[in-house]
Every structure is written in structure tokens, then in C-alpha cells.
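The figures here come from the full heavy-atom set of this structure, side chains too, leaving out hydrogens, waters and symmetry mates. Lettering of chains follows the sequences in order, A, B, ..., and the numbering in each one begins at 1.
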Amino acid sequence: MNRLKILLVKEWRESMRNKMVLFGVILLPVFLVGTSIFMITAAQDGDPIEQIILFNTALMYFLLLPTIIPLAIAVYSIVGEKEQTTLEPLLATPISDTELFLGKAMASVIPALIVNWASFGVFLLLIRVLVGDVPLQLLTAPWLASIFGLSPLLALFSVGVTMIVSSRASDARAAYQFSSFAILPGLVPLIIYSTQKTLVDMRLIALEALLLIIVDVGVLYFAIKLFRREQILTRWK
Amino acid sequence: MITARGLTRRFGDLVAVDSLDLHIDKGEVFGFLGPNGAGKTTTVRMLSSLIAPTSGSASIGGTPLGRDNRSIRQRVGVLTETPGLYKRLSAWDNLMFFARLYGINDAEKQAEKYLKMFELWDRRNGLAGSFSKGMRQKLALARALLHEPEILFLDEPTAGLDPEAAKTVRDLIESLKSEERTIFLCTHNLDEADRLCDRIALFKTKLLTVGDPQSLKEKMYGRRTVVHLANPRSGIEDALNLPFITKTEWVNGRLLVSLSDPETENPTLVRRLVELGADVQFVNELRISLEDLYLDLMEGNHESA
């Protein structure tokens, strides 16, 4: 088993035993999907415009989850190592700085994407069962491109920001609060949609993807710089 | 096995380790003693290739620091100042995680060996967070030994252990020594250092002195004979008039005589005292503890040896 995989397994094993992480990873998607389904079914016989708004709002959640879920995992993964003073024994092993960084990042991004897309699947399934036909005219290509294309970029942004913030924080709650602004890019389509200035279209998605790629490269560059063992042992609080 | 030449580490303006020169042989137990903040941890971090020196060089098992740090880390075991265990993982999972990172083939067998050695086998499925301080320390030691390193850096290995567990660790260090493993032992337990270490270094940012504990004491204090007299009277020390005596002094009613070779000179000394009418009750050698040496050097009461 390579070291990256070993680290991933350890991270997930630890996360599964942390109630705060579990809340972010499991309960939040369940709550958001449940609330959306409840509101859409409640408005089933009402105004079609209202139903469209509710459906679009529900789709927004699948752009927020990829930013919120990795944030929860990454905060506890990094601050947890600091709190338990496990970084030094870990760095004393033959693991490389890159493996450590990638292990921490992937341990947060992979479950976030799996849970997000699984939640999306469950949402569509429940809509079909409870409402009948999925309003396919609402589930447009831009939306699918957002949910499947932007999610990894949003998750990477969230992890990068969280790693930078967590390297300076000694308390998980403080790191969580300061990292929260990592959800902002996920709110962009919601803001645009809410102002009714334009509809979510492929041009907008492509623009946001491009911006996210640029920002992700910058954020991850700084995060990787902070993830050198020299920095971790001498600069991290 | 471990060599350092002018090893220096600065943090901004602060010099944590200043021009450290060391040579530690294979199979040697080397005590590294110094007060908190002396730079011991920084030294261990440099020698275990965790951080780079600002200047100077070192080689670990023949591999220069900075050339193949990954292979150095594969060959050394580090017990850090705090146990640093994953509290939400069991003792078994903690060891298996590190065993796999070190690429140990028979990871399960190694984990079992050390859990049994430290009497943690029955608690292997217990979460490390539920362990007592002593149990955590033992688990951290097991982790440091898992990959059978040639060189071990142990930072306060018996801290927090009950006397029985501390003895287990000391016995373990003895047995590791007999296996020709090199042990770099940072400790505040001077008695432990005196008993276990082949050589010790007293360190406070700079190396103050290095040598085997007994020679260091003799080098700094010489050898002294304590004479208990039934009728202590001042002036008798001047009347002794023996050429081999380098110094005499009265301490708590006892006569302290500094000699270079007590084994041959003590009989002459006793005969002379009897001739001078002294009633000699006891004659013994003054035992200087490592603590005396440590405190004197750290407080600057002596020149570095």
C-alpha cells in the first residue's frame, strides 16, 4: 500500500470517529436534501413558478456542499494533528511533504465529491418518486456542468483555504470560522440567479470555472508552501 | 554512526544550536543533557532530518543530512517529547498506521511484539485517548521501535512512567545497546543518564562538555577522600605535609582531601593522620553526582570541561 493510500485510510478512519466531522459530512447533506424535498413536494400543487424557484434553490445546495464538506474534514484533519501533537512523529516517518499534503487534501476532497454527487442522485430519485417526473427542463446542461464540473474546483478551493487557515490556528472552531469564507465561490451562481440579472448558463459556468482554476492554483500554491516539514515544525502554532 | 560538525540552527536572530560538534559510535548510548530551551529538541530534529541546519553538517549512519533524508528517516526511530498519538484510533491502529508508513513487511507481527513487550496487548483495541499517561508513553515507544531502527532518538523516554514501567524502558535501552543500536537519549533524569549512558553531553545552546560520566566528574572535581575523625581539629590538614595532596578542606566536620590516586595514596594518608594523633573513624571516597556536575556547569561555576 503506498503512503498516500495509507494516509487516506487513516484520515477517513479518524474522521468517522469525530462527531463534528460526521455532522458536516452526513447530517448536513441529509438535512439540505430533506428540506428541499419537503419544500418541493409541499409546493407540488401550487404555482409552477414557485416550484421552479424551489427546484433551482435546491440545485444551489449541490454547489455549496462541495465547499462545506471538505472544510469540515480538513479543519479537523490539520488542527487535529496539531492538538494531538502527532505531526512530528508523522513527519519523522519516510512520508514526503507532497504525500502528506496530497493525503490531507484528497482525504477531504474525495468524500466531499462522493457525498455531494450521491446526495444529488438521492435528491433526483426522491423527486421522481414523490413528485413524479423530474422537471428536466429545469435540470439543464449548465446546471449539470455546475454540479459535476465546478464541484471539484470548489472543493479544492475550500481545502486550500482551510489548509492555509488551519496552519495558523490552534483551535478547530477558530479555523472553522475563518475558513468559512471558502464557501463564497459556491454562492456566486445563487447570487446571480437571485438578482435575476441573468440565467445560469454555460457561459457563466465556464467563466466561473476559469476563475476558480486561477484562484485554486494560487491558493494551492500557498498551501503547498505551508506544508513543508520545516514550516510545519517551526512556524505552525 | 552520528557525526556533526559545526551544526548550527538559527531562528531569526535566535541561535538555538551553536556550532555543535559530535561523534557518536555505533551501539553507544549517548546522553544529551540540558535545561529546557537549551536546544536539545532542535538538535534531535536536525539529526533526525526533520529540519535543516542553518550551517554545519552532519551524517547519520554514513548518510549526510540533506542528501537522502527519506532513507535517514527510515533508519532512525524518534520518540518525541509528547507521545503524539491519534486519540481516536486504537493502540493497534496507531501502530499499524506507522508500521505501514515505514513499509514494514510483517507489520502485524511487529505491532504484536511491541504491544506485548510493553504489556499493552490486552488493550490493543482500546482508543489511545483513553490510555493513561504511562500507557501512552509506552505506546509511543513501541511506535518508535516498530521498524527496528539502527538509531533511536529518545526524548524523555521514562517521563510519566511508574517505577516498574520506567525500569522496563531502562532494561529495554540496555538490551537495545546489546543489539548494537545507537541511542541518543535526551533526559532530565540525571540518575538515569548516569546509569545508562556510555557518554553524556551537557548542552546549553553550545556543547559544554562531553565524556563518560565518571571521567567527567573526575576531570572536573578530581578524586577526593573524606576522612571522618573522632576529634576533628583544625590545623591538622597543614600538618599532614604530604606531597601528593593537592587540596584539603573541612566540610561539616569532615576532612576532604584531594588526591590523584586514592588507591595507593590513602594508606599513607591514614598512617600520617594516626601519627598526628587523629582518631580515624571512617575513610571513604567522595561521590560526586551527575547532578552536581550538571548544576555547576549550567550555573557556570566551572569552566567547560
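R70(B) contributes a side-chain N or O that, together with a main-chain N or O of P94(A), makes up a donor-acceptor pair within less than 3.5 Å. Checked by atom type and distance alone, the side chain of R17(A) pairs as donor or acceptor with a backbone atom of R88(B) at under 3.5 Å. With hydrogens and angles ignored, the 3.5 Å screen pairs no side-chain donor or acceptor of R3(A) with any backbone N or O of G103(B).
Around the NZ atom of K167(B), the shell of radius 6.0 Å holds no more than 12 heavy atoms that belong to other residues, nucleotides or ligands. Around CZ of F148(A), the count of heavy atoms belonging to other residues, nucleotides or ligands within 6.0 Å exceeds 12. With a 6.0 Å radius and a threshold of 12 heavy atoms from other residues, nucleotides or ligands, M39(A) has its CE atom at or below the threshold. Other residues, nucleotides and ligands contribute only 12 or fewer heavy atoms inside 6.0 Å of the NZ atom of K206(B). Counting non-hydrogen atoms of other residues, nucleotides and ligands closer than 6.0 Å to CZ of F11(B) gives a total above 12.
With a 4.5 angstrom heavy-atom cutoff, L79(B) does not touch chain A via any of its atoms. Neither the backbone nor the side chain of F153(B) comes within less than 4.5 Å of any heavy atom in chain A. Contacts of T80(B) with chain A are made by side-chain atoms alone, with heavy-atom separations under 4.5 Å and no backbone atom involved. Interface remark: L7(A) contributes backbone and side-chain atoms alike to the contact with chain B (heavy atom separation under 4.5 Å). Residue L101(B) touches chain A through both its backbone and its side chain, counting heavy-atom pairs closer than 4.5 Å. For Y86(B), the parts lying under 4.5 angstrom from a heavy atom of chain A are both the backbone and the side chain.
Taking each heavy atom of R73(B) and I95(A) in turn, the nearest pair found is NH2-O, 3.6 Å. Here the closest heavy-atom approach between residue P89(A) and residue G84(B) is recorded as CG-O, 3.8 Å. Contact detail for F98(B) and T93(A): the closest heavy-atom pair is CD2-CG2, 3.6 Å.
A salt bridge between K87(B) and E83(A) is absent, with no side-chain N of the basic residue lying under 4.0 Å from a carboxylate O of the acidic one. With respect to E230(A) and R9(B), a salt bridge is recorded, a charged nitrogen being found less than 4.0 Å from a carboxylate O.
Residue with the most contacts toward chain A among I72(B), V78(B), L89(B): L89(B) (heavy-atom pairs, distance under 4.5 Å).
Put simply, the side chain of R100(B) does not reach to within 4.5 Å of the side chain of V9(A), judged on heavy atoms. Proximity of R13(A) to F97(B): side-chain heavy atoms (C-beta onward) are nowhere separated by under 4.5 Å.
To the nearest 0.5 Å, atoms CD (E88(A)) and OG1 (T41(B)) are separated by 7.5 Å. The CG atom of L50(B) sits 11.0 Å away from atom OG1 of T234(A), with the distance rounded to the nearest 0.5 Å.
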